[in-house]
Amino acid sequence: MPSLYATSDLHVTHRGNEPLLDRVRSDSAQDWLLVAGDVAERVEPIVESLATLRERFAKVVWVPGNHDLWTTGRDDSPLRGEERYRHLVDRCRALDVLTPEDEYPVWEHGRRPLTVAPLFLLYDYSWRTPQAEDASLEEALEQAREAGVVCTDEFFLHPDPYPTRQDWCAQRLKTTEERLAAIPEENGTVLVSHWPLHRHPTAPLYWPEFALWCGTARTADWHVRYRAEVAVFGHLHIPRTTYADGVRFEEVSLGYPREWRKRARGPVPLRKIL
């Protein structure tokens, strides 16, 4: 019986993480792999890593994380925003790696068919602390800065051609909802995203203000509305299994060496989902 595996936040360009890519391997030539974003900050390491993983799995499904979408001076590619995302999609298609722009594949090895839906949604700053709940976005961001929290996306994740990341997020939500609504009703789903779809996984964040950059309130019921068997995500670097409304949520990130070295089990670059 084939298995469905997942990984995220491999950050292969961080010293100590690159060798761990070798541990992302399948037990069977029929196994699938979900890559929930943040492979690297530069185009070529992203593509090279996905090419390596594609050689090891029957099917690889990728969604972008915020780091994948950064435009920095260390990258040979100057592409920004939507143009950078589309370039990565094209590079993935050349590798036979599925993306949020491709037809959703169906996992046929369970009690019901499961449509595997890779989602690229971003965030819209709607996950606030109680102190920022009724504040303007500018005030909420200022409160985060005062707490010492500013996501690097503010400097490197450009929304071009959209005016803001919120606008880009809104467009992604609209098109994605249309595609999810078209999934046959007899199918369950495996929802794959970089940012969590539900806010509950952010509860253990050391800095609760960071939730601003972690998702959107508009997806709070997607795991129920779209019949999810499991929701797979990363971003938080808090790998664990949780539940909401009886649906399993799997945070599958590897994270940075300074994080996984503190864990008793050490680095876990691959998780079995089904």
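Computed from a predicted model, the values in this text were never measured in an experiment.
- Using cut-offs of 30° and 60° on the angle between ring planes, the pair Y256 and H237 is perpendicular.
- Partners of R54 by salt bridge (charged side-chain N to carboxylate O under 4.0 Å, His left out), not counting sequence neighbours, listed by chain and number: D96.
- The two atoms that bring R165 and P159 nearest to each other are N-CB, 3.7 Å, heavy atoms only.
- Aromatic pair F233/H194: centroids not less than 6.0 angstrom apart.
- Partner R271 forms a side chain to side chain contact (heavy atoms under 4.5 Å, CB included) with one of V232, L4, T241 and no other, that one being T241.
- Here E154 does not pair with R145 in a salt bridge; the nearest charged N to carboxylate O distance is not below 4.0 Å.
- Residue S136 comes nearest to R128 through the heavy atom pair O-NH1, 4.0 Å, listed as atom of the first residue, atom of the second, then distance.
- A salt bridge links D22 and R56; the closest N-O separation between the charged side-chain nitrogens and carboxylate oxygens is under 4.0 Å.
- In the hydrophobic clustering of ILVMFWY residues, with side-chain heavy atoms under 4.5 Å counting as a link, V35 and V47 come out together.
- The only member of W127, F120, Y125 that meets ring pair (Phe, Tyr, Trp, His ring centres under 6.0 Å) when paired with Y123 is Y125.
- Residue W70 is tested with D153, D75, D38, T152 for a side chain to side chain donor-acceptor pair (under 3.5 Å); the sole match is D153.
- Contact of the L79 side chain with the Y85 side chain is not registered, since no non-hydrogen atoms from C-beta on lie closer than 4.5 Å.
- For H67 and H14, the distance between ring centers is not under 6.0 angstrom.
- Expressed to the nearest 0.5 Å, how far CG of L191 lies from CD of E250 amounts to 13.0 Å.
- Closest of all the heavy-atom pairs between L274 and V190 is CD1-CG2, 4.1 Å.
- Crowding of E103 atom CD: a count of heavy atoms from other residues, nucleotides or ligands under 6.0 Å not exceeding 12.
- The distance from atom OG1 of T189 to atom CH2 of W107, rounded to the nearest 0.5 Å, is 15.0 Å.
- Taken from OG1 in T129 to CD in Q143, the straight-line distance is 5.5 Å, to the nearest 0.5 Å.
- Rounding to the nearest 0.5 angstrom, the gap separating the CD1 atom in I183 from the CG atom in L114 is 10.5 Å.
- Salt bridge annotation for R248-E229: absent, with no cationic side-chain nitrogen under 4.0 angstrom from a carboxylate oxygen.
- The shortest side-chain heavy-atom distance between L33 and K59 does not fall under the 4.5 Å cut-off.
- Minimum interatomic distance between A217 and D124 (heavy atoms only, all atoms of both residues): N-OD1, 4.3 Å.
- Scored by the side chain to side chain contact (heavy atoms under 4.5 Å, CB included) test, E177 finds R218, W222, R225, Y226 as partners (sequence neighbours excluded).
- Side chains of W195 and L119 form no contact here, defined as non-hydrogen atoms less than 4.5 Å apart.
- In this structure, the separation between CD on E48 and CG on L95 is 10.5 Å, given to the nearest 0.5 Å.
- The main-chain N or O of P269 is found under 3.5 Å from a side-chain atom of T7 such that the two form a donor-acceptor pair.
- Checking E178 against T176 by side-chain atom types alone, no donor-acceptor pair falls below 3.5 Å.
- Checked by atom type and distance alone, the side chain of D160 never pairs as donor or acceptor with a backbone atom of G81 at under 3.5 Å.
- Counting non-hydrogen atoms of other residues, nucleotides and ligands closer than 6.0 Å to CD of E18 gives a total of 12 or fewer.
- Looking at R84 and E82, no side-chain N of the basic residue comes within less than 4.0 Å of a carboxylate O on the acidic one, giving no salt bridge.
- Aromatic rings from Y243 and H200 are positioned such that their centres are separated by 6.0 Å or more.
- A salt bridge between E101 and R93 is absent, with no side-chain N of the basic residue lying under 4.0 Å from a carboxylate O of the acidic one.
- Hydrophobic cluster membership differs between V63 and L157, with clusters built from Ile, Leu, Val, Met, Phe, Trp and Tyr side chains linked at under 4.5 angstrom.
- For R23 against L270, the heavy-atom pair with the smallest separation is O-CD2, 4.3 Å.
- Distance alone, capped at 3.5 Å, is enough to place a donor-acceptor pair between the R179 side chain and the P100 backbone.
- Of all the heavy atoms in W213 and A144, the pair that sits closest is CH2-CB, 4.0 Å.
- Expressed to the nearest 0.5 Å, how far CG of L121 lies from CD of Q171 amounts to 10.5 Å.
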